[in-house]
Number of protein chains: 2
Amino acid sequence: MSRTLAKVAYSAEEKQLASFAKAMGHPVRIQILKLLNAQACCYTGDLTDNIPLAQSTISQHLKVLKDAGLIQGEIMPPKVKYCLNQDNWPVAQRLFSELFGLASAGDSPKACRDSEGL
Amino acid sequence: MSRTLAKVAYSAEEKQLASFAKAMGHPVRIQILKLLNAQACCYTGDLTDNIPLAQSTISQHLKVLKDAGLIQGEIMPPKVKYCLNQDNWPVAQRLFSELFGLASAGDSPKACRDSEGL
DNA sequence: TTAGTTTATCGCAAATGTACGATAAACTTT
DNA sequence: AAAGTTTATCGTACATTTGCGATAAACTAA
């Protein structure tokens, strides 16, 4: 048969994962996340200096990441310091891990013998 | 200081990762990926039957996933069988793993002592 | 108070994304 | 050949995203 399929609506986790993914769906935002992951924190100005986009545009990208819950900002007048969101980053980590078949690092997708089509 | 920052342009990997993430940025597409990950393959009709969206809409979502390289489709007249993309799924797996600080499963984001701001 | 620094927000234009119904395309069965 | 099944594509409407310059907001230093 083939009737053991998807539920009709999205689960909270599916929505959360899609929301994280959506926020990550732009190269600049990936760049920002990588930066924060590598060096803990940074100020908006640091990004403005090194990314060839208007300051307002970068601020908008930061807002997207913040609204998605991936980063958090702390006001340190006159600057704002951003870091990965302590609470949600591990959640995102988990959700993506689960989607990708969790761990076993070298796992290949469930075989679909024949494949290579279309 | 603080001048050891981001490069001016995006690397190929950053663009690739953003592209994967963007394709994953919708709950229906997450649902489809989970399904394919869980049961290897499925036909468009299976999705059409179980997701409350028009057939044309689902077809479009499949196209987004296919264009991003996350899934592949094989024509088996009169149906089309979809599976995770054998080549790229592991790539996506790796890129996301790397972004999330690779492995150590329980790692928390690099401390940003003080935090909780804004 | 005034001027300076840093970041967020507003208003706008152009491009993309989302969903639908209608229709075409490909192939099977009668 | 005609009718049926399954999936993709087209055209359309509406919403969201992306990027910019201009401006406001918050706070410090003169």
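So that the names make sense, note that chain A is the first sequence line, chain B the second, and so on, each numbered from 1.
- You'll find the side chain of B:L70 stays beyond 4.5 Å of the side chain of B:N85, heavy atoms only.
- Summarising the geometry, atom CD1 belonging to A:I32 is positioned 6.5 Å from atom CD1 belonging to A:I71; distances are rounded to the nearest 0.5 Å.
- The separation between A:K79 atom NZ and C:dA8 atom P is 13 Å, rounded to whole Å.
- Taking atom CG of residue A:L53 and atom P of nucleotide D:dT18, one finds them 11 Å apart after rounding to whole Å.
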Using a 4.0 Å heavy-atom cut-off, write out nucleotides 22-30 of chain C from 5' to 3' as B (base contacted by protein), S (sugar-phosphate only) or - (no contact).
B----S---

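- Computed from coordinates, the A:L65 CG to D:dT18 C1' distance equals 14 Å when rounded to whole Å.
- Between B:F96 and A:F96, the ring planes lie parallel to each other; the angle is under 30°, not in the 30° to 60° tilted range.
- Expressed to the nearest 0.5 Å, how far CD1 of B:I30 lies from NE2 of B:H61 amounts to 12.0 Å.
- At a threshold of 4.0 angstrom between heavy atoms, the contacts of A:T44 are confined to the sugar-phosphate backbone, with no base atom among them.
- Between B:R94 and B:E13 a salt bridge is recorded (basic side-chain N to carboxylate O distance below 4.0 Å).
- To the nearest 0.5 Å, atom CD of residue B:Q60 and atom CG of residue B:L62 are 10.5 Å apart.
- Straight-line distance from the CD1 atom of B:I51 to the P atom of C:dC20: 12 Å, rounded to whole Å.
- A distance of 12.0 Å separates CG in B:N37 from SG in B:C83, rounded to the nearest 0.5 Å.
- Under the side chain to side chain contact (heavy atoms under 4.5 Å, CB included) rule, B:I51 has a single partner from B:D46, B:I58, B:L35, which is B:I58.
- The nearest whole Å value for the distance from the NZ atom in A:K81 to the P atom in C:dT6 is 17 Å.
- Of the listed residues (B:M24, B:K22, B:R29), just one forms a side chain to side chain contact (heavy atoms under 4.5 Å, CB included) with B:H26, and that residue is B:R29.
- Between the C1' atom of D:dT9 and the NZ atom of B:K66 lies a distance of 12 Å, rounded to the nearest Å.
- Atoms CD (B:E74) and C1' (D:dT7) sit 15 Å apart, rounded to a whole Å.
- At D:dA8, one or more side-chain N or O atoms of B:Y82 fall inside 4.0 Å of OP1 or OP2 (strictly under the cut-off).
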Distances under 3.5 Å only, N/O to N/O: pair up the protein atoms with those of nucleotides 13-18 of chain C.
unit_1: C:dG17; atom_1: OP1; unit_2: B:K22; atom_2: NZ; d: 3.0
unit_1: C:dT18; atom_1: OP2; unit_2: B:R29; atom_2: NH1; d: 3.0

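- Between A:L62 atom CG and C:dA8 atom C1' there is a gap of 10 Å when expressed in whole angstrom units.
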